[in-house]
Amino acid sequence: DAGVIQSPRHEVTEMGQEVTLRCKPISGHNSLFWYRQTMMRGLELLIYFNNNVPIDDSGMPEDRFSAKMPNASFSTLKIQPSEPRDSAVYFCASTGTADFEQYFGPGTRLTVT
Amino acid sequence: GQSLEQPSEVTAVEGAIVQINCTYQTSGFYGLSWYQQHDGGAPTFLSYNGLDGLEETGRFSSFLSRSDSYGYLLLQELQMKDSASYFCAVRGADYGGATNKLIFGTGTLLAVQP
């Protein structure tokens, strides 16, 4: 298996622009998670899905952030408009039912100037 | 609220044993996980404790005491490649039982010296 796939790996954009991060979970996994990691705030859970349905989005910072999972093999995290404080590494992870091990993708390093 | 406390940094020498502690306060608890993250990399799973006691996986062991809201990761026969950040993470629980949600601690940076 290829593991969790994320794209792009690096993104540099200007403040105010829309940013879309993409994730393909491991085939057969039914839970998908979006995390953000910064030095100041550590690894934060933004949102997670079970069977393509958002279960907990309490970590989404504000309305500028949105996430979708249109099918079992694809999810997006969108930031519109982006701000410099959104600069971070964004990880996607997936896991199977009753599985306590989360598998992380390589992450997307986002820089907003 | 929910919080997990870990030491921010630990230094040890090759071949030694090191213990990284984690104390937690969470509204729901189902188990404690440990993840390793090398600089520039993604977190990778090391160990999980769903019950009190010790779990051993090669050079790594993890311990949980639910009554003390405390766990630790024990790394033996340290190698240079063990230099990384280590995170404890609580697996949440709700009325339906275990959830897949993880709340991560702040991480402990382990530096292994020759």
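If you're wondering where the values come from, they're calculated on a predicted model, not measured in any experiment. In the text below, chain A, chain B and the rest are named by the order of the sequence lines, each starting its count at 1.
- Cluster annotation: A:F65 and A:V112 are assigned to the same hydrophobic cluster (Ile/Leu/Val/Met/Phe/Trp/Tyr, side-chain heavy-atom contacts under 4.5 Å, transitive).
- Side-chain contact between B:Y48 and A:E101 is absent, with no heavy atoms from C-beta onward closer than 4.5 Å.
- Grouping the Ile, Leu, Val, Met, Phe, Trp and Tyr side chains by contacts below 4.5 angstrom, directly or via other members, places A:F91 apart from A:L32.
- In plain terms, the two heavy atoms of A:Y48 and B:K101 that are nearest each other are CE2-CB, 3.7 Å.
- Pairs passing the ring-ring contact (aromatic ring centres under 6.0 Å, His included) check and including a residue from residues 68-89 of chain A, sequence neighbours excluded, do not occur.
- For A:D63, the CG atom is loosely surrounded, since the number of other residues' heavy atoms within 6.0 Å does not exceed 12.
- Crowding of A:E62 atom CD: a count of heavy atoms from other residues, nucleotides or ligands under 6.0 Å exceeding 12.
- For CZ of A:R109, the number of neighbouring non-hydrogen atoms (other residues, nucleotides, ligands) closer than 6.0 Å is 12 at most.
- Residues B:A42 and A:P106 share a closest heavy-atom pair of CB-CA, 4.4 Å.
- B:Y30 is not listed as a side-chain neighbour of A:F100, based on a closest heavy-atom distance of 4.5 Å or more.
- Contacts of A:E44 with chain B are absent, with no heavy-atom separation under 4.5 Å from either backbone or side chain.
- A:L45 touches chain B through its side chain: at least one heavy atom from C-beta onward sits under 4.5 Å away, while N, CA, C and O do not.
- In B:R66, the CZ atom is crowded: over 12 heavy atoms of neighbouring residues, nucleotides or ligands sit closer than 6.0 Å.
- In the hydrophobic cluster analysis, where Ile, Leu, Val, Met, Phe, Trp and Tyr join through side-chain heavy atoms closer than 4.5 angstrom, A:W34 is grouped apart from A:V4.
- There is no path of hydrophobic side-chain contacts, each under 4.5 Å, that joins A:Y90 to A:Y35.
- By a heavy-atom distance cut of under 4.5 Å, B:F104 are the residues of residues 103-114 of chain B near chain A, going up by number.
- Both the backbone and the side chain of B:L102 come within less than 4.5 Å of a heavy atom of chain A.
- A:Q80 CD: more than 12 foreign heavy atoms inside a 6.0 Å radius.
- By the rule that hydrophobic residues join a cluster once side-chain heavy atoms approach within less than 4.5 Å of another member, A:V12 and A:L77 end up as members of separate clusters.
- Between the CZ atom in A:F104 and the CZ atom in B:F45 there is a gap of 11.5 Å [rounded to 0.5 Å].
- Proximity to chain B is absent for every atom of A:Y103, based on heavy atoms less than 4.5 angstrom apart.
- Listed by sequence position, B:Y35, B:Q37, B:G41 are the residues of residues 34-41 of chain B in contact with chain A, using a 4.5 angstrom heavy-atom cutoff.
- Hydrophobic clustering, defined by side-chain heavy atoms of Ile, Leu, Val, Met, Phe, Trp and Tyr closer than 4.5 Å, groups B:Y72 together with B:I17, B:L54, B:F63, B:Y70, B:L74.
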